[in-house]
**Q** 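Sharing a structure below in structure tokens format, with a few things to ask.
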Amino acid sequence: MTAKKKPKVYITRKLPDAVETRMRELFDAELNIDDAPRSVPELIAAVKTADVLVPTVTDRIDAALIEQAGPQMKLIASFSNGTDHIDVEAAARKGITVTNTPNVLTEDTADMTMALILAVPRRLGEGARVLTDKPGEWAGWSPTWMLGRRIHGKRIGIVGMGRIGTAVARRAKAFGLSIHYHNRKRVNPAVEDELEATYWESLDQMLARVDIVSVNCPSTPATFHLISARRLALLQPTAYLVNTARGDVVDEAALIKCLREGRIAGAGLDVFENEPAVNPKLIKLANEGKVVLLPHMSSATIEGRIDMGDKVIINIRTFIDGHRPPNRVLPGR
């Protein structure tokens with residue numbers, strides 16, 4: 001009896017060692033040891049020969065690339081929660097199944113969202129830099145120095161009450177924040193009761209009434225610049241904006257203008273419109289203490305990355321065994 005041929009799996013970025021080891025055991029896996037982003041020619045060569053492509057959010061798997069895929073390419077098993085980097089419709093037309101890794105980053109992302117909600121009003125970044133940038137110059141405690149804003153008793157407006165938005169709401173409630181949210185549809189009444197949450201059908205009306213805005217919706221054509229210049233103008237001058245979702249949900253240029261003119265109190269950003277490039281104006285604002293910037297690390301935990309890898313492996317194994325993978329992404333979803 002001949003051994004069953006292992007599927008050829010092309011992995012675009014370096015994954016945790018435990019995940020890569022299991023991939024090599026199960027599949028004919030080509031790893032990216034250097035972790036350098038794959039070029040378009042490299043991706044084209046991969047889809048022409050591999051059975052399975054394992055991309056990440058840094059890879060643009062568009063219609064032009066998918067069209068180059070060979071007949072053996074039947075699965076794109078993305079190492080990601082979101083799939084906005086993949087043209088799912090083009091994949092479906094080519095007969096290629098797309099999967100993702102949902103439900104494993106919820107708590108990690110919500111933790112970092114809450115960290116930014118605390119960091120911006122309480123000026124944590126500025127305080128830390130006092131000790132590291134000019135060591136020895138701190139004069140000691142003062143009753144009027146480094147005053148921030150209390151978050152207890154304030155209103156938080158959550159834009160996108162999915163899994164992550166709900167997890168953020170639970171944390172925010174524990175910190176004494178009043179929960180407000182805008183979503184395409186109202187959440188389960190039991191969840192709303194648990195969180196004592198106020199639903200706003202109108203995003204505009206909610207934005208005008210909250211002290212902190214947390215952006216937690218996915219990136220879709222409908223959410224591109226959802227937080228637009230017009231909507232930013234609705235915020236109170238004492239309001240803060242936190243974004244751990246996707247950079248293009250917020251009009252970054254308009255946000256910079258608002259911050260520079262003092263029309264909102266501050267912002268905390270883990271994502272940017274043109275990643276990995278960060279607008280120099282944002283960096284200047286960060287140095288002035290008006291914004292806290294993080295390098296897209298809200299989901300970056302060892303446990304989370306291993307869980308993602310496990311889901312990728314399960315999706316591949318299930319598909320190769322002739323069954324529908326558990327995390328299939330359908331066109332239009």
Side-chain angles (χ1 to χ4, degrees), residues 57-58 60 62 80-87 109 112-113 115-117 119-121 125 149 154-162 164-165 168 180-184 200-299:
V57 293
T58 61
R60 189 69 187 161
D62 57 18
S80 65
N81 181 40
T83 54
D84 47 290
H85 58 298
I86 302 171
D87 191 325
T109 303
M112 192 63 83
T113 304
L116 284 171
I117 289 169
V120 181
R149 292 279 183 175
K154 300 296 195 298
R155 296 184 179 95
I156 183 170
I158 296 173
V159 182
M161 196 72 153
I164 294 173
V168 171
H180 296 249
Y181 75 97
H182 168 79
N183 205 45
R184 285 184 301 172
W200 294 89
E201 185 175 357
S202 166
L203 176 58
D204 289 5
Q205 290 180 12
M206 183 186 79
L207 292 176
R209 290 168 169 83
V210 297
D211 304 292
I212 299 166
V213 176
S214 178
V215 180
N216 300 109
C217 60
S219 173
T220 69
T223 62
F224 178 78
H225 284 187
L226 180 69
I227 309 300
S228 60
R230 181 186 68 79
R231 287 194 166 119
L232 285 167
L234 298 173
L235 297 177
Q236 303 173 59
T238 54
Y240 300 90
L241 182 139
V242 169
N243 186 9
T244 56
R246 286 290 186 266
D248 62 8
V249 177
V250 178
D251 184 337
E252 197 170 274
L255 175 62
I256 290 169
K257 191 171 188 294
C258 280
L259 290 164
R260 291 176 69 183
E261 295 175 358
R263 290 192 279 120
I264 63 172
L269 306 175
D270 184 51
V271 288
F272 308 93
E273 272 206 69
N274 300 299
E275 293 183 26
V278 179
N279 193 313
K281 293 177 181 177
L282 278 176
I283 295 173
K284 184 174 185 293
L285 287 166
N287 290 331
E288 295 170 359
K290 295 179 180 177
V291 61
V292 174
L293 306 178
L294 296 176
H296 202 148
M297 57 185 283
S298 62
S299 64

**Q** Taking the side chain as every heavy atom from C-beta outward, state whether Val213 and Val242 have any atom pair closer than 4.5 Å.
**A** no
**Q** Working to the nearest 0.5 Å, report the span between CG of Leu241 and CZ of Arg231.
**A** 13.0 Å
**Q** On a heavy-atom basis, which atom in Trp200 and which in His182 lie closest, and how many Å separate them?
**A** O-ND1, 3.1 Å
**Q** If we ignore hydrogens and angles and just use 3.5 Å, is the side chain of Glu275 paired with the main-chain N or O of Phe272 as donor and acceptor?
**A** yes
**Q** Taking all non-hydrogen atoms of both residues, which atom of Gly266 and which atom of Val120 are closest, and how far apart?
**A**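 Here Gly266 and Val120 meet closest at C-CG1, 4.0 Å.
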**Q** Report yes if the side chains of Leu226 and Leu203 come closer than 4.5 Å at any heavy-atom pair, otherwise no.
**A** yes
**Q** Against His296, only a single residue in Leu269, Val271, Val278, Thr58 fulfils side chain to side chain contact (heavy atoms under 4.5 Å, CB included); can you say which?
**A** Val271
**Q** How close do Leu294 and Met112 get, counting heavy atoms only, and between which atoms?
**A** CD1-SD, 3.7 Å
**Q** Check whether Asp204 reaches the backbone of Leu207 with its side chain - one donor and one acceptor, N or O, closer than 3.5 Å.
**A**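 Not confirmed, Asp204 side chain does not pair with Leu207 backbone.
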**Q** Between Val249 and Cys217, what is the shortest heavy-atom contact and its length?
**A**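 It is CG1-SG, 3.6 Å.
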**Q** Would you give the length of the straight line joining atom CG of Leu259 to atom CG of Leu232, rounded to the nearest 0.5 angstrom?
**A** 8.5 Å
**Q** Between Leu116 and Val292, is the side-chain contact (heavy atoms from CB on, under 4.5 Å) condition met? List the steps.
**A** CA-CA 8 Å; Leu116 284 171; Val292 174; 3.8 Å; yes
**Q** Would you give the length of the straight line joining atom CD1 of Ile227 to atom CZ of Arg230, rounded to the nearest 0.5 angstrom?
**A**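 Going from the CD1 atom of Ile227 to the CZ atom of Arg230 covers 10.0 Å.
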**Q** Does the side chain of Asp270 pick up a donor-acceptor pair with the side chain of Ser298 at under 3.5 Å?
**A** yes
**Q** With side-chain hydrogen bond (donor to acceptor under 3.5 Å, both in side chains) as the rule and sequence neighbours excluded, what pairs involving residues 219-228 come up?
**A**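 For residues 219-228: Ser219-Asp248, Thr220-Thr223, His225-Glu273.
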**Q** Of all heavy-atom pairs between Ser299 and Thr109, which one has the smallest distance, and what is that distance?
**A**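 Reported closest heavy-atom pair: CB-OG1, 3.9 Å.
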**Q** Any salt bridge (Lys or Arg N to Asp or Glu O under 4.0 Å) involving residues 212-221? Give me the pairs, sequence neighbours left out, ordered by first then second residue.
**A**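 Passing the test, one end in residues 212-221: no pairs.
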**Q** Say whether, by atom type as modelled, one donor and one acceptor occur between the side chain of Arg209 and the main chain of Gln205 under 3.5 angstrom.
**A**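 Judged by distance alone, yes, a pair lies under 3.5 Å.
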**Q** Using the side-chain contact (heavy atoms from CB on, under 4.5 Å) rule, take Val57 and Asp84 through it: C-alpha gap first, then chi angles, then the decisive distance, then the call.
**A** CA-CA 8 Å; Val57 293; Asp84 47 290; 5.9 Å; no
**Q** Which heavy-atom pair separates Ser80 from His85 by the least distance, and what is that distance?
**A**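 Looks like OG-CE1, 3.2 Å.
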**Q** Counting only N and O atoms by type, is there a donor-acceptor contact under 3.5 Å from the side chain of Arg60 to the main-chain atoms of Ile86?
**A**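 No, Arg60 side chain to Ile86 backbone: no donor-acceptor pair under 3.5 Å.
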**Q** Between atom CD of Gln236 and atom CD1 of Ile212, what is the distance when rounded to the nearest 0.5 Å?
**A**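 If I round to the nearest 0.5 Å, the distance is 11.0 Å.
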**Q** Measuring from atom CZ of Arg263 to atom CG of Leu234, what distance do you get when rounded to the nearest 0.5 angstrom?
**A** 11.0 Å
**Q** Answer yes or no: does atom CZ of Arg260 have more than 12 heavy-atom neighbours from other residues, nucleotides or ligands under 6.0 Å?
**A** no
**Q** Just wondering, do Val215 and Val250 contact through their side chains at under 4.5 Å, heavy atoms?
**A** yes
**Q** Under a 3.5 Å threshold, yes or no: a donor from one side chain and an acceptor from the other, between Ser214 and Thr113?
**A**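 Not at all, the side chains of Ser214 and Thr113 share no donor-acceptor pair under 3.5 Å.
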**Q** For Lys284, enumerate each residue passing the salt bridge (Lys or Arg N to Asp or Glu O under 4.0 Å) test, keeping only those at least two apart in sequence or located in another chain.
**A** Glu288
**Q** Flag the pair Glu252 / Leu282 as yes when at least one side-chain heavy-atom distance between them is below 4.5 Å, and no otherwise.
**A**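 They are in contact (side-chain heavy atoms under 4.5 Å apart), so the answer is yes.
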**Q** Any sub-3.5 Å donor-acceptor pair from Asp251's side-chain atoms to Ala254's backbone N or O?
**A**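 Checked: pair present.
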**Q** Indicate yes or no: at least one non-hydrogen side-chain atom of Pro218 is less than 4.5 angstrom from one of Arg246.
**A** no
**Q** To the nearest 0.5 Å, tell me how far Ile264 CD1 sits from Lys257 NZ.
**A**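 Between Ile264 CD1 and Lys257 NZ, I get 12.5 Å after rounding to 0.5 Å.
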